[in-house]
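Read the structure below first, then the notes.
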Amino acid sequence: MSQGERFLDWLRRLQGQKAWTAARAALRRSLAFPPGAYPRAMPYVEPFVAEEGWRREAHYLVAALYALKDGDHQVGRTLARALWEKAQGSASVEKRFLALLEADRDQIAFRLRQAVALVEGGVDFARLLDDLLRWFSPERHVQARWAREFYGAEASEEEKKEVEA
């Protein structure tokens with residue numbers, strides 16, 4: 001089970017509790033702050049997160065985006081694919097997608113929030129977290145795969161195995 005899948009299980013358990021309304025509000029509000037900096041969101045993420053730095057921030061970001069979409073998780077529907085569906089006939093969506101691919105650590109939260117807000121329906125939040133954990137790899141494998149998903153090319157078998165590992 002990947003880190004993203006374990007975290008998604010955590011979020012689903014949280015969503016099943018009576019306190020989900022308050023948790024959802026706090027997590028959504030946390031999008032106005034740098035990931036991990038909004039104290040009211042901390043009770044909902046810190047019990048799961050042991051990492052520091054970007055890995056911690058990525059968990060906060062995915063939790064907030066999950067709350068933004070009210071837990072609408074669709075296994076296998078990557079954000080790149082959802083944006084491709086939205087982009088049909090829209091140059092502005094493609095421009096936002098390209099800006100997302102170029103996003104650095106200062107921009108990524110803002111760009112992801114814009115992208116997730118654009119798509120209709122859910123996305124695979126477990127896969128999103130797994131991708132974000134590797135986002136800043138010098139090889140930029142995640143961005144390359146997203147570009148192939150957006151522009152219609154299938155991932156190679158080797159890339160599929162890498163994602164599953």
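Everything numeric here is computed off the predicted structure, so don't read it as measured data. Throughout, residue positions are numbered sequentially from 1 according to the sequence presented.
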Over all atoms of both residues, closest heavy-atom pair of A41 and A26: CB-O, 4.1 Å

Residues forming a side chain to side chain contact (heavy atoms under 4.5 Å, CB included) with R56, sequence neighbours excluded: M42, E46, V49, E52, Y60

Under 3.5 Å donor-acceptor, W54 side chain and L132 backbone: yes

By salt bridge (charged side-chain N to carboxylate O under 4.0 Å, His left out) - contacts of R77 (at least two apart): E85

Check ion pair E149-R127 (N to O, under 4.0 angstrom): yes

Atom pair CZ/CG of R24 and L14 - distance to nearest 0.5 Å: 12.0 Å

Working for side-chain contact (heavy atoms from CB on, under 4.5 Å), residues L98 and K95: CA-CA 5 Å; L98 291 171; K95 286 179 184 177; 5.8 Å; no

Plane angle bin for F97 and W146 - parallel if under 30°, tilted between 30 and 60°, otherwise perpendicular: parallel

Closest non-hydrogen atom pair between V45 and A63, with its separation: CG2-CB, 3.8 Å

Atom pair CZ/CG of F150 and L100 - distance to nearest 0.5 Å: 10.5 Å

Check against side-chain contact (heavy atoms from CB on, under 4.5 Å), R111 and R96: CA-CA 8 Å; R111 301 279 184 219; R96 287 182 189 218; over 6 Å; no

From L112 atom CG to L68 atom CG, the distance as rounded to the nearest 0.5 Å: 11.0 Å

Residues, nucleotides or ligands: over 12 heavy atoms within 6.0 Å of R105 CZ: yes

Hphob cluster co-occupancy, F48 + W20, side-chain heavy atoms under 4.5 angstrom: yes

Common cluster, L101/Y151, ILVMFWY with side-chain heavy-atom separation under 4.5 Å: yes

Short side-chain donor-acceptor distance under 3.5 Å, Q3 and R6: yes

Qualifying residues under side chain to side chain contact (heavy atoms under 4.5 Å, CB included), relative to D104, sequence neighbours excluded: D106, Q107

Shortest non-hydrogen contact between F125 and D72, atoms and distance: CE1-O, 3.4 Å

Check against side-chain hydrogen bond (donor to acceptor under 3.5 Å, both in side chains), T78 and D124: CA-CA 5 Å; T78 65; D124 191 332; over 6 Å; no

Test side-chain contact (heavy atoms from CB on, under 4.5 Å) applied to L133 and H59, step by step: CA-CA 9 Å; L133 293 175; H59 283 81; 4.2 Å; yes

Within 6.0 angstrom of Q88 CD, more than 12 heavy atoms from elsewhere: yes

Main-chain N/O of Y44 paired with W10 side-chain donor or acceptor, under 3.5 Å: yes

Check: K86 and E120 side chains under 4.5 Å, non-hydrogen atoms: yes

Atom pair CD1/CZ of I108 and R113 - distance to nearest 0.5 Å: 14.5 Å

Residues, nucleotides or ligands: over 12 heavy atoms within 6.0 Å of F136 CZ: yes

Expected output: side-chain E5 to main-chain S2 donor-acceptor under 3.5 Å: yes

L27 and L65, any side-chain heavy atoms less than 4.5 Å apart: no

Distance (rounded to the nearest 0.5 Å) between E102 CD and Q143 CD: 10.5 Å

K69 side chain to V119 backbone, donor-acceptor under 3.5 Å: yes

Heavy-atom donor-acceptor pair, S90 side chain to A87 backbone, under 3.5 Å: no

Gap between atom CG of L31 and atom CG of L61 - 0.5 Å precision: 7.0 Å

Cation over ring face, R81 and W84, 6.0 Å, 45°: yes

